[in-house]
Visitor: 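Before I ask anything, here is the structure I am working with.
To find a chain, count down the sequence lines: A is the first, B the second, and so on, and within it residues start at 1.
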Amino acid sequence: MDYQKLADLLFPDVTETREDIERRFPPRSLPAGANVTRIGPSPTGFVHLGNLYNAIIAERVAHQSGGVFYLRIEDTDNKREVEGAVETVINAMAYFDVHFDEGATSTGDNGAYGPYRQRQRKEIYHVFAKWLVQNGKAYPCFLTEEELTAIREEQLANKEIVTGFFGKYAEVSRNLTLEDISARIAAGQPWVLRFRAEMNDKRFTITDAIRGKLDMPCNIMDFVLLKSDGIPTYHFAHVVDDHLMRSTHVVRGEEWLSTLSMHVELFDVFGWDKPIYCHTSTLQKIDGGSKRKLSKRKDPELALAFYQQEGICKEAIWEFLLTVLNSNFEEWRAANPDASYMEFPFSLEKMSTSGALFDMEKLNNIAKDVIGRMDAETVLSHLKNWCSEYNREFLALIEQYPDRTLKALGVGKQGAKPRKDFVNWKQTCEFLSFYFDETFKAQDDMPAEISEEDRKAFFAKYLASYAHEDDAEAWFAKVRQISDELGYAVKPKDYKKNPENYKGSIVHVTNMLRTALTGMANAPDIWEISHVLGEELTRARLGKWA
RNA sequence: GGCCCGUUGGUCAAGAGGUCAAGACGACGCCCUUUCACGGCGUAAUCAUGGGUUCGAUUCCCGUACGGGUCACCA
């Protein structure tokens with residue numbers, strides 16, 4: 001077989017050589033130790049937590065080393081592509097503060113190693129495909145889908161241990177003559193380009209940055225390089241792109257482990273250095289007592305959009321994922337409460353190789369801490385951002401009462417043990433609702449612990465003596481005095497010891513006050529709330545019960 | 001089924017041939033307290049399993065079980 005003739009027959013339009021392409025994408029000039037990483041999402045319209053998980057790893061590996069992090073759109077499967085999906089990926093990553101140095105953008109490409117959309121790289125792949133053909137490493141295959149299915153069925157019937165295109169099943173396609181191929185092409189028969197595998201039973205070892213040394217069988221499959229539309233498969237595109245774009249690390253899910261041998265063989269055939277592979281484990285969740293992979297259909301929390309809708313703070317997502325990735329993150333956070341998570345020394349080696357379970361409760365706990373560390377102004381700006389997208393009505397309130405909102409967000413923040421009332425922005429809106437008459441839900445009744453007579457007496461005295469400028473101490477002294485006058489124990493402990501001596505305890509009194517003021521049995525400090533509401537509102541809410 | 005990856009409390013997990021097997025979330029209890037939070041203290045709870053190697057194995061080796069992945073002109 002004259003491979004040169006075959007190559008010209010298959011790729012008549014390809015005039016460039018692999019050297020030409022290499023010159024267009026020279027090695028990057030980066031300081032020693034700088035890593036180049038990427039994410040390569042498929043534009044299916046669904047961005048999930050796993051995408052973000054891998055993105056964060058890749059981002060840290062690159063930026064922590066002063067390297068480059070880029071976005072490459074892997075759109076080689078036009079059947080699965082969804083309109084606007086590239087936009088969705090870019091927006092989701094931006095929302096979660098994942099920033100690219102180069103790659104696909106909503107307006108085009110940014111960077112010297114593009115195009116960053118694989119379908120636009122067709123000509124590049126063809127140059128390398130032609131080289132493979134010229135060197136006897138690839139050949140056209142004209143088998144139809146039905147014929148392929150027949151082979152598969154035969155293999156299953158023969159109890160062949162592996163199914164696929166290899167060994168004797170590849171022989172016919174491998175050994176077509178140039179004349180035959182030429183005739184078929186002239187007749188317009190569709191073909192795919194297959195890799196001509198070594199097909200031996202050797203094994204190879206490779207060191208994965210997360211999993212350590214791996215020992216696996218070499219590839220034996222004549223897998224497809226170019227589909228009949230001339231677009232490459234993932235395997236071919238991955239090898240060509242990560243070489244040309246000079247990726248130093250490939251961070252991807254463990255589902256790629258089983259095809260790693262194909263990629264390794266391709267890199268070797270081209271004589272290229274392999275990137276450092278980092279195969280992450282799949283996020284799982286508990287379901288009916290057993291672990292399973294997070295699934296798109298069953299688990300709403302898998303979609304990144306879920307976190308946006310719930311208003312889960314992006315810093316919290318980062319901190320949660322960093323905690324899952326490197327378990328020493330929490331220790332580091334405790335030692336560096338004020339540092340940005342970007343300063344955390346992330347390490348691939350410290351990653352767990354077993355699949356982590358997604359734990360919403362842990363996320364919430366982290367979110368409370370993260371928001372708790374922010375000052376009121378920062379919280380307000382996050383809240384407004386979220387509301388402008390997901391809660392317009394509340395945004396209007398915030399904008400109508402900016403000072404009150406800011407004060408409300410600061411309640412309980414001072415002191416050595418600041419409150420942590422906010423978990424996510426959705427919940428924050430609900431939590432703040434009693435600060436505004438527009439959303440305040442007044443109670444219709446008071447608990448029966450205090451008689452109506454005492455209730456009226458209390459509120460009358462309270463309002464009569466109420467002085468808005470009182471400090472917290474003076475204020476509470478008055479509450480105590482009134483309680484005492486009405487026959488309620490001033491100290492809860494006194495009441496506990498001798499309940500028969502009192503009508504009730506100050507706890508009952510303050511609960512009543514709190515309920516009148518907030519509509520809720522549980523709320524932050526009454527005095528502070530009064531001062532957020534202002535004298536007028538406070539008096540109005542309490543007056544109802546006098 | 002073949003191949004590959006994995007298995008420490010309910011969850012995330014540290015760990016090393018000899019530890020009372022860290023820590024965090026959650027649960028529970030106590031303390032603080034005008035409610036709820038916050039905070040503090042404490043309790044319960046883990047090395048999948050069977051063999052080997054060894055004076056000693058949760059740690060090393062082999063098998064078993066279980067879970068996950070993959071076997072496409074999908075990524």
Visitor: Would you say the side chains of Glu198(A) and Asn219(A) form a donor-acceptor pair under 3.5 Å?
Guide: no
Visitor: Among His249(A), Lys274(A), His263(A), Arg38(A), exactly one meets side chain to side chain donor-acceptor pair (under 3.5 Å) together with Asp242(A). Which residue is that?
Guide: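 Only one of His249(A), Lys274(A), His263(A), Arg38(A) forms a side chain to side chain donor-acceptor pair (under 3.5 Å) with Asp242(A), namely Arg38(A).
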Visitor: In whole Å, I'd like the distance from the CZ atom of Phe434(A) to the P atom of rC36(B).
Guide: 16 Å
Visitor: Tell me the partner of rU11(B), counting only Watson-Crick (N1-N3 plus N6-O4 or O6-N4) or G-U wobble (N1-O2 and O6-N3) with both under 3.5 Å; none if nothing fits.
Guide: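 Partner of rU11(B): rA24(B).
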Visitor: Would you mind telling me which of rU34(B), rC73(B), rG23(B) lies closest to the side-chain atoms of Val192(A)?
Guide: rC73(B)
Visitor: How many whole angstroms separate atom CZ of Phe329(A) from atom P of rA13(B)?
Guide: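 Atom-to-atom, Phe329(A) to rA13(B), this comes out as 15 Å.
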Visitor: Side-chain N or O of Lys417(A) versus OP1/OP2 of rC36(B): is the shortest distance under 4.0 Å?
Guide: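 So the side chain of Lys417(A) is outside the cut-off, no N or O lying under 4.0 Å from OP1 or OP2 of rC36(B).
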Visitor: Would you mind telling me which of rC25(B), rC4(B), rC73(B) lies closest to the side-chain atoms of Met216(A)?
Guide: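 Closest of the options to the side chain of Met216(A): rC4(B).
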Visitor: Supply the atom-to-atom distance Asp369(A) CG to Met374(A) CE, rounded to the nearest 0.5 angstrom.
Guide: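 So the CG of Asp369(A) and the CE of Met374(A) are separated by 11.5 Å.
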Visitor: Which is more 5' along RNA chain B, the nucleotide nearest Arg152(A) or the one nearest Ile231(A)? Just name the residue.
Guide: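 Its nearest nucleotide lies further toward 5', so the answer is Arg152(A).
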Visitor: Between P on rU35(B) and CE on Met520(A), what's the gap in Å once rounded to a whole number?
Guide: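 So the two atoms are 16 Å apart, to the nearest Å.
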Visitor: Across all strands, who's sitting opposite rC30(B) as a Watson-Crick or G-U wobble pair, both distances under 3.5 Å?
Guide: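 Pairing partner, where one exists within any strand: rG40(B).
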Visitor: Does Leu321(A) reach a base, just sugar-phosphate, or nothing at all? Heavy atoms under 4.0 Å.
Guide: nothing
Visitor: Within this structure, what is the CZ-to-P distance between Arg211(A) and rG69(B), rounded to whole angstrom?
Guide: 13 Å
Visitor: With the stacking rule set at 5.5 Å and 30°, tell me whether Tyr234(A) counts as stacking on rC74(B).
Guide: no
Visitor: Side chain of Lys362(A) only, please: which of rC25(B), rC32(B), rU34(B) is the nearest?
Guide: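 Closest nucleotide among those given: rC25(B).
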Visitor: Using whole Å, report how far CG of Asp359(A) lies from P of rA24(B).
Guide: 15 Å
Visitor: With respect to the side chain of Glu254(A), which nucleotide from rC73(B), rG39(B), rG68(B) is positioned closest?
Guide: rG68(B)
Visitor: Using a heavy-atom cut-off of 4.0 Å across all strands, would you classify Phe223(A) as base, sugar-phosphate, or nothing?
Guide: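 Counting heavy atoms under 4.0 Å across all strands, no contact is made by Phe223(A).
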Visitor: RNA chain B: Lys213(A) or Thr259(A), which has the more 5' nearest nucleotide?
Guide: Lys213(A)
Visitor: If we check side-chain contact (heavy atoms from CB on, under 4.5 Å) with Cys313(A), which of these qualifies: Phe422(A), Tyr307(A), Trp425(A)?
Guide: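 Between Cys313(A) and the candidates, side-chain contact (heavy atoms from CB on, under 4.5 Å) is satisfied uniquely by Trp425(A).
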Visitor: To the side chain of Ser327(A), which of rC38(B), rA14(B), rU35(B) is closest?
Guide: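 Comparing rC38(B), rA14(B), rU35(B) against the side chain of Ser327(A), the answer is rA14(B).
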Visitor: Quick one: which of rU70(B), rC73(B), rC25(B) gets closest to the side chain of Ser258(A)?
Guide: rU70(B)
Visitor: What is the base-pairing partner of rG1(B), counting Watson-Crick and G-U wobble geometry with both distances under 3.5 Å?
Guide: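 Across any shown strand, rG1(B) pairs with rC71(B).
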Visitor: Tell me whether the side-chain N/O atoms of Lys350(A) come closer than 4.0 Å to OP1 or OP2 in rA14(B).
Guide: no
Visitor: Can you tell me if Asn365(A) touches the phosphate of rG26(B), counting only side-chain N or O atoms and a distance under 4.0 Å to OP1 or OP2?
Guide: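 Looking at the OP1 and OP2 atoms of rG26(B), one of them is under 4.0 Å from a side-chain N or O of Asn365(A).
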Visitor: Can you tell me the Watson-Crick or wobble partner of rG50(B), both distances under 3.5 angstrom?
Guide: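 Base-paired to rC62(B).
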Visitor: Is the ring centre of Tyr466(A) less than 6.0 Å from the ring centre of Trp475(A)?
Guide: no
Visitor: Between rC4(B), rC71(B), rC73(B), which one does the side chain of Arg203(A) approach most closely?
Guide: rC4(B)
Visitor: Does Arg60(A) qualify as a cation-pi partner of Phe346(A), given the criterion of NZ or CZ under 6.0 Å from the six-membered ring centre and within 45 degrees of its axis?
Guide: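 Not satisfied by the 6.0 Å and 45° rule.
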Visitor: Rounded to the nearest angstrom, tell me the gap between atom CZ in Arg252(A) and atom P in rC5(B).
Guide: 15 Å
Visitor: rU11(B) C1' sits how many Å from Met360(A) CE, rounded?
Guide: 14 Å
Visitor: Which of these nucleotides, rC73(B), rU34(B), rA14(B), is closest to any side-chain atom of Ile506(A)?
Guide: rU34(B)
Visitor: When you measure from the side chain of Asp77(A), which nucleotide among rC25(B), rC5(B), rA75(B) comes out closest?
Guide: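 Nearest nucleotide to the side chain: rA75(B).
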Visitor: Which nucleotide in the list rC36(B), rC73(B), rC74(B) gets nearest to the side chain of Asn522(A)?
Guide: rC36(B)
Visitor: At less than 4.0 Å, is any side-chain N or O atom of Lys491(A) found next to OP1 or OP2 of rU33(B)? Yes or no.
Guide: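 Result: no.
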Visitor: Take atom CE of Met221(A) and atom P of rC4(B), then tell me their distance rounded to the nearest Å.
Guide: 14 Å
Visitor: Between Phe195(A) and Phe223(A) (judged by ring centroids, cut-off 6.0 Å), do the two rings come close enough to count as a pair?
Guide: yes
